[in-house]
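The figures that follow rest on heavy atoms only: side chains count, while hydrogens, waters and symmetry mates do not. Every chain is numbered from 1 and lettered A, B, ... according to where its sequence line falls, protein lines coming before strand lines.
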2 protein chains.
Amino acid sequence: MTRCPRSTSTGADGALWPAAAAPSSTEGYRLLPRYRLGDRKIEAGRDLFSVGSTGNAIFNLIDGWVALYTQLEDGRRQIVQFALPGAILGVLPSNRSQATFGALALTDVVVSVIPNSMLATLSRDEPELPMRLARSLARDCSLAFDHLTSIGRRSARERVAHLILELFTRYRAQWPGNRIEEMLLPLTQEQIGDATGLTSVHVNRVLSGLRKERIVEFHYRRLRILDPDRLIEVAGVEPEVVTAWLER
Amino acid sequence: MTRCPRSTSTGADGALWPAAAAPSSTEGYRLLPRYRLGDRKIEAGRDLFSVGSTGNAIFNLIDGWVALYTQLEDGRRQIVQFALPGAILGVLPSNRSQATFGALALTDVVVSVIPNSMLATLSRDEPELPMRLARSLARDCSLAFDHLTSIGRRSARERVAHLILELFTRYRAQWPGNRIEEMLLPLTQEQIGDATGLTSVHVNRVLSGLRKERIVEFHYRRLRILDPDRLIEVAGVEPEVVTAWLER
DNA sequence: CGCGGCCTTGAGCAACATCAACAATAGTGG
DNA sequence: CCACTATTGTTGATGTTGCTCAAGGCCGCG
């Protein structure tokens with residue numbers, strides 16, 4: 001957390017994105033035991049589940065990106081969360097009723113399906129499971145609070161920077177060691193807008209600004225962080241918060 | 001759930017706010033077993049816990065209103081959730097690290113304290129507990145997603161209406177039978193602004209508008225719903241969502 | 001190589017913020 | 001019970017951010 005006085009870096013850089021070697025497989029992310037019947041693939045652009053569906057299963061995301069979103073009657077949309085491998089998705093049984101949000105596969109996706117009916121018996125074999133579920137949900141909540149703060153109180157520029165920083169950091173936590181400064185971020189500018197409460201047009205302008213200032217480049221889903229320190233500064237995030245994103 | 005075809009009402013009125021007789025005590029809301037050592041009172045205006053505090057306990061809110069909030073370095077604040085009796089507050093152990101949000105008592109408050117150290121043993125006696133915790137967290141998440149949608153995609157007018165409708169509905173679910181259309185809502189206009197991502201000045205203007213249109217009156221913490229149907233309409237909420245607020 | 005989806009840019013405008021002064025309220029101590 | 005004070009609410013004038021509308025360019029894919 002301390003030292004690591006890298007050249008132009010504030011020090012946060014080294015601490016936040018350690019270059020440790022790590023598993024390239026998805027092995028570490030199966031929080032729920034996987035059952036053979038359970039694996040399912042969903043192709044990019046399709047819904048894992050939709051608003052109003054009566055969820056009778058929860059999903060453990062094994063591979064790919066998923067966006068959780070809500071929708072108003074008139075079509076306005078809000079992305080409320082991005083899920084990366086390891087996430088647990090879906091509606092708990094008896095939080096009865098329909099899902100109030102949908103789940104869109106941003107890339108081709110693999111999930112392992114745990115039917116709600118199986119949840120109770122599963123918990124008997126593995127009594128730690130509900131508590132892990134609770135922790136996962138607590139983390140989702142925490143992230144949602146963060147987004148709320150961003151959308152409610154930050155400027156457009158700050159919001160976009162914040163989102164990019166968050167996604168980059170969370171992604172990088174999964175595949176450390178890869179070329180650090182570049183990644184595939186499977187989002188359109190419209191989706192960034194839906195996540196930040198902005199128009200795609202305005203997102204575009206903000207991104208132009210960040211590109212001209214040589215902080216970040218984002219073009220057709222290719223993200224490149226040019227100046228991590230300034231990005232953190234623009235996003236207005238304290239390092240502690242960033243580390244919280246990394247927890248599971 | 002059906003009938004109750006009240007005069008000018010669309011019918012939603014009766015469905016949403018059933019006038020059933022109900023427990024006036026808080027008996028029903030102790031989701032966690034209560035331990036004698038645990039009860040604690042906090043007076044209005046004080047923090048239950050603060051941003052950055054290392055939560056070593058979780059709280060079951062027995063009585064009073066609590067606001068969960070975050071804060072940016074420069075003082076901008078965002079209220080991310082309102083907790084009513086029955087809520088479970090605090091940070092789970094090993095979602096280690098500090099709380100990223102604080103908890104402000106809006107009224108005098110009674111909580112029962114469950115030290116994290118006790119959580120594991122408690123779960124052995126009562127194996128249902130972690131699952132109940134998970135459900136509570138899932139509900140918080142759901143609410144947070146709702147707020148995100150509101151702040152991200154609704155106009156100021158819609159946001160304020162939405163918040164009032166939510167709080168009124170949740171409150172009324174606890175004390176049904178009381179004078180339906182009036183309640184004490186322990187918020188300042190500034191706090192409403194902090195929850196909706198608006199300025200207190202603008203909140204004031206919106207409230208003025210709603211008052212002139214005889215939809216809602218809110219003055220020094222006294223809330224009066226004049227036209228529930230139009231409030232629902234302005235808030236742009238489907239009844240299903242409202243019912244979701246009522247679940248625990 | 002042509003088509004559809006995505007990005008880019010400009011001009012004008014609406015919603016909300018900011019700043020500032022003042023009024024109403026409720027809580028306080030005499 | 002009253003006077004005083006701090007807090008909260010109200011209103012107007014003005015400024016800025018981000019939205020809307022619209023046209024055109026770029027990219028990737030079939």
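The CD-P distance, from Gln189(A) to dC7(C), rounds to 4 Å in whole Å. Ile192(A) places its CD1 atom 12 Å from the C1' atom of dC7(C), with the value rounded to the nearest Å.
Residue-level contact check: Ser200(A) touches neither bases nor backbone, having no heavy atom under 4.0 Å from any strand. When heavy atoms are screened at a 4.0 angstrom cut-off, Arg211(B) is found touching the sugar-phosphate backbone but no base atom.
Residues meeting the salt bridge (charged side-chain N to carboxylate O under 4.0 Å, His left out) test with Arg76(B), sequence neighbours left out: Glu158(A), Asp74(B). For Arg157(A), the salt bridge (charged side-chain N to carboxylate O under 4.0 Å, His left out) partners are Glu213(A), not counting sequence neighbours. Ser200(B) meets the side-chain hydrogen bond (donor to acceptor under 3.5 Å, both in side chains) test with no other residue; sequence neighbours excluded. Listed by chain and residue number, nothing satisfies the salt bridge (charged side-chain N to carboxylate O under 4.0 Å, His left out) test with Glu190(B) (two or more places apart in sequence, or in another chain). Annotation: side chain to side chain contact (heavy atoms under 4.5 Å, CB included) contacts of Gln191(A) (sequence neighbours excluded): Ile79(A), Leu104(A), Leu106(A), Leu187(A), Thr188(A). For the side chain to side chain contact (heavy atoms under 4.5 Å, CB included) test, residues two or more places apart in sequence or in another chain that qualify with Ala156(A) are Leu198(A), His202(A), Val206(A). With sequence neighbours left out, the side chain to side chain contact (heavy atoms under 4.5 Å, CB included) criterion links Glu73(B) to Glu238(A). Applying the side chain to side chain contact (heavy atoms under 4.5 Å, CB included) test to Ala83(A) and every residue at least two apart in sequence or in another chain returns Leu61(A), Val66(A), Ala87(A), Leu89(A).
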- Go through Glu217(A) and Arg211(A) one step at a time and tell me if the salt bridge (Lys or Arg N to Asp or Glu O under 4.0 Å) criterion holds. CA-CA 5 Å; Glu217(A) 275 175 18; Arg211(A) 176 165 6 104; over 6 Å; no
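Note on residues 194-205 of chain A: pairs passing salt bridge (Lys or Arg N to Asp or Glu O under 4.0 Å), not counting sequence neighbours, are Arg77(A)-Asp194(A), Asp194(A)-Arg153(B).
The bend of the helix from dC7(C)-dG24(D) to dG30(C)-dC1(D), defined by the angle between the axes of its first five and last five pairs, stands at 50° to the nearest 10°.
Residue Asn204(A) places at least one side-chain N or O under 4.0 Å from the OP1 or OP2 atom of dT8(C).
Ring pair Phe145(A)/Phe101(B) is perpendicular by interplanar angle, where above 60° counts as perpendicular and below 30° as parallel.
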- Task: Would you give a per-nucleotide map of nucleotides 13-24 of chain C, 5' to 3', where B means the base has a protein non-hydrogen atom under 4.0 Å away, S means only the sugar-phosphate does, and - means neither?
- Result: ---BSBB----B
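Here chain A contacts DNA chain D (any atom closer than 4.0 Å to a heavy atom, that is under 4.0 Å), and the contacts span dG18(D) to dC27(D) from 5' to 3'.
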